[in-house]
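Fair warning: this is a prediction, and the values are worked out from it, not measured in the lab.
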Protein chains: 2
Amino acid sequence: MNPFRTRPNPITDDGDGDGFSFCGNCAFAGVCHAEGYDKPALKELHCLVQHVGPYHAGTLLFREGDPFNAIAAVRSGMVKTFRVDAAGREQVLGFFLLGEIIGLDAIHNGRFPCNAVALDTVSLCRFSFPMMATLATRMPGLQTQLFRLLSQDINKAAAMAGDFSADERMAAFVLSISRRFANHGFSPNRFALSMSRTDIGNYLRLAAETVSRVMRRFQNEGLLHVDRREFEILDMARLQQLALPLLRE
Amino acid sequence: MNPFRTRPNPITDDGDGDGFSFCGNCAFAGVCHAEGYDKPALKELHCLVQHVGPYHAGTLLFREGDPFNAIAAVRSGMVKTFRVDAAGREQVLGFFLLGEIIGLDAIHNGRFPCNAVALDTVSLCRFSFPMMATLATRMPGLQTQLFRLLSQDINKAAAMAGDFSADERMAAFVLSISRRFANHGFSPNRFALSMSRTDIGNYLRLAAETVSRVMRRFQNEGLLHVDRREFEILDMARLQQLALPLLRE
DNA sequence: CGTTCTTTTGATAGCTCTCAAGTCGCGTGG
DNA sequence: CCACGCGACTTGAGAGCTATCAAAAGAACG
């Protein structure tokens with residue numbers, strides 16, 4: 001049920017004859033390059049990776065309160081993490097794209113503070129966190145990268161906590177997705193999202209109707225073109241200007 | 001100027017004949033107890049501590065963009081971290097009380113993403129972060145605690161990012177302060193804050209006037225008594241109920 | 001080709017902000 | 001000791017942004 005608890009598959013090669021190739025997209029790629037692919041420690045890092053999935057859209061990857069054993073990097077697809085409050089309203093904490101790390105917020109209590117669901121077909125790289133922490137002891141670069149990733153998530157969460165207008169939030173959201181796609185060699189101007197308007201709204205703390213209205217206005221003003229869940233950015237500069245209060249990197 | 005960059009004082013005993021006594025309030029206290037006070041590694045941890053301060057109210061401890069060298073634990077007083085956006089509006093990221101760790105959000109970029117100011121007379125324990133990371137390599141308990149503290153800050157920031165009413169935010173704020181004081185043996189029902197209404201508003205993403213109005217209503221409803229900056233909680237249960245959507249620990 | 005979910009669009013209400021004025025506390029100086 | 005002045009805080013009135021409610025249009029699914 002919970003792929004973070006089980007060990008469904010042994011490590012499998014991606015089938016392209018190079019077991020390391022997929023790693024170029026991973027948040028730990030920098031560690032690998034810094035250490036050099038030939039070091040024994042790096043082999044250990046790869047040894048504790050488990051490829052899990054694919055999971056189809058809607059699969060619950062873990063549930064709030066589940067014991068925390070592992071973090072995971074997205075190998076393909078998109079993941080949404082969220083909580084449901086007593087009133088039944090859903091709070092989306094984050095969307096996770098290729099290479100991004102899920103589960104860092106679970107370290108604190110040893111339990112996941114949120115649920116995670118696959119938004120489309122998702123494959124993950126699962127890292128046992130106790131093993132990773134032990135390895136980080138002998139691999140300072142890995143420790144540093146873990147600290148950085150954790151620290152980065154603090155900043156991401158803090159950015160969302162500011163009080164910004166619907167326009168600012170929407171612009172920042174579209175830009176953030178654009179940049180994260182671009183980081184992996186995809187077009188920064190055209191991309192498809194897997195989440196619903198409701199998901200976007202719950203993430204941005206806006207009603208789904210407001211998301212729809214802001215998008216409409218952005219289209220009317222020539223900022224972007226939206227066709228269902230496919231986005232095209234038409235005026236990157238103005239989007240950046242709008243998102244300025246919210247984005248800083 | 002920036003106490004996080006300089007080394008004003010060598011370690012000094014608190015004057016009570018026990019150099020470790022102040023540590024009971026520190027976020028790293030758990031590490032010390034777990035490791036045992038006699039271990040050499042623990043001595044090293046204490047060796048990299050620098051007592052800095054006191055700083056008087058209003059002193060800028062670091063500034064957005066300053067290079068990051070060290071984290072710090074609050075030894076006495078209260079600290080506010082904040083950013084100022086292009087429009088000149090101040091966003092308060094956090095208030096730091098006795099024993100709480102400042103600067104974890106700076107690891108990511110190697111620069112402080114925010115400013116920090118003393119709200120009253122403040123003393124700190126400064127920890128060189130590079131040295132601490134190195135030490136964490138030989139001291140798994142310290143590494144674990146650092147991971148935990150970072151992860152905790154993600155959750156704190158995420159909690160602030162939800163869309164909650166002014167009442168919920170205010171109740172959660174008062175309760176949070178109360179609990180943090182209580183953790184150090186102070187009364188959970190009576191405490192004095194060092195920050196202004198404006199600071200509270202900028203932290204809770206509310207106008208200062210709204211903070212004032214909510215407090216007035218809380219007083220009228222018998223939830224608490226407020227005299228200038230002194231607070232007394234009169235109905236803990238109802239406050240907790242109000243804060244429920246926001247607080248979870 | 002109907003069913004269902006998502007998305008859009010419109011009308012209205014509500015929460016909080018903004019602007020403005022007044023009050024209070026406190027330090028300064030007469 | 002008291003008057004003054006400044007900053008913090010409170011209180012009120014009105015506006016604005018976004019949420020909510022409602023309904024229709026559109027895509028996806030079998």
Side-chain angles (χ1 to χ4, degrees), chain A residues 56-58 80 85 87-92 117 119-121 160-174 192-220 224-231 242 245-246, chain B residues 56-58 80 85 87-92 117 119-120 160-174 192-221 224-231 242 245-246:
Chain A
H56 60 268
K80 170 185 81 169
D85 68 15
R89 291 174 310 187
E90 180 174 309
Q91 302 237 339
V92 173
V117 66
L119 291 177
D120 47 25
T121 302
M160 291 302 301
D163 67 332
F164 302 104
S165 70
D167 286 23
E168 290 168 336
R169 286 178 181 277
M170 195 66 215
F173 172 72
V174 173
L193 299 182
S194 303
M195 70 287 276
S196 68
R197 300 286 189 268
T198 301
D199 285 339
I200 297 174
N202 288 340
Y203 176 63
L204 299 178
R205 284 42 164 158
L206 300 172
E209 294 93 327
T210 301
V211 172
S212 196
R213 274 184 260 265
V214 173
M215 282 185 185
R216 166 65 51 209
R217 192 151 33 74
F218 280 6
Q219 282 194 81
N220 292 342
L224 46 81
H225 177 73
V226 182
D227 177 34
R228 296 200 51 72
R229 295 184 179 183
E230 294 183 1
F231 286 67
L242 274 172
L246 197 16
Chain B
H56 61 266
K80 169 184 81 167
D85 69 14
R89 291 175 310 186
E90 181 174 309
Q91 302 238 336
V92 173
V117 67
L119 290 177
D120 47 24
M160 291 302 301
D163 67 332
F164 302 104
S165 70
D167 286 21
E168 290 168 336
R169 287 178 181 276
M170 195 65 216
F173 172 72
V174 173
L193 299 183
S194 302
M195 70 287 277
S196 68
R197 300 288 190 267
T198 300
D199 285 339
I200 297 174
N202 288 341
Y203 176 63
L204 298 178
R205 283 46 163 153
L206 299 172
E209 294 93 328
T210 302
V211 172
S212 197
R213 273 184 261 266
V214 173
M215 281 183 184
R216 166 65 51 210
R217 194 150 33 74
F218 280 6
Q219 283 193 82
N220 292 342
E221 296 172 359
L224 45 81
H225 178 73
V226 182
D227 177 36
R228 300 197 52 71
R229 296 185 177 181
E230 294 182 0
F231 287 67
L242 273 173
L246 197 15

message = Could you work out, with salt bridge (charged side-chain N to carboxylate O under 4.0 Å, His left out) as the rule, every residue matching B:Glu230, not counting sequence neighbours?
response = none
task = Would you please name every residue forming a side-chain contact (heavy atoms from CB on, under 4.5 Å) with A:Ala171, sequence neighbours left out?
result = A:Phe218, A:Leu239, A:Leu242, A:Ala243
key: SB check B:Glu221 B:Arg216 (cutoff 4.0 Å)   = no
ask   = For B:His56, what residues pass the side-chain contact (heavy atoms from CB on, under 4.5 Å) criterion, not counting sequence neighbours?
value = B:Thr59
task = Using the test salt bridge (charged side-chain N to carboxylate O under 4.0 Å, His left out), find all partners of A:Asp163 that sit at least two apart in sequence or belong to another chain.
result = none
ask   = Which letters describe nucleotides 18-29 of chain D, given B = protein heavy atom under 4.0 Å from base, S = only from sugar-phosphate, - = neither?
value = SSBB-----SS-
key: Spacing between B:Arg229 atom CZ and D:dA8 atom P, to the nearest angstrom   = 8 Å
message = Keeping B:Arg197 on the side-chain end and B:Val211 on the backbone end, is there a donor-acceptor pair under 3.5 Å?
response = no
key: Student check: side-chain heavy atoms of B:Met215 and B:Ile200 closer than 4.5 Å   = yes
request  = Take the C1' atoms of the five end pairs on each side of the helix from C:dC1-D:dG30 to C:dG30-D:dC1, derive the two axes, and give their angle rounded to 10 degrees.
outcome  = 40°
key: Contact summary for B:Ser194 and B:Arg229, nearest pair of heavy atoms   = O-NH1, 3.2 Å
key: Partner residues of B:Arg228 under the salt bridge (charged side-chain N to carboxylate O under 4.0 Å, His left out) criterion, sequence neighbours left out   = none
remark   = Those residues at least two apart in sequence (or on a different chain) that pass salt bridge (charged side-chain N to carboxylate O under 4.0 Å, His left out) with B:Asp120 are none
query = Looking at residues 195-204 of chain B, who's got a heavy atom less than 4.0 Å off DNA chain D?
reply = B:Ser196, B:Arg197
task = Kindly write out the residues that satisfy side-chain contact (heavy atoms from CB on, under 4.5 Å) with B:Thr210, not counting sequence neighbours, or none if the list is empty.
result = B:Ala166, B:Leu206, B:Ala207, B:Val214
inquiry  = Holding to side-chain contact (heavy atoms from CB on, under 4.5 Å), I want the full list of residues that pass it with A:Thr121, two or more places apart in sequence or in another chain.
reply    = A:Pro54
task = Shoot me the first and last contacting nucleotide of DNA chain C against chain B, ordered 5' to 3', at under 4.0 angstrom to non-hydrogen atoms.
result = C:dT16 to C:dG25
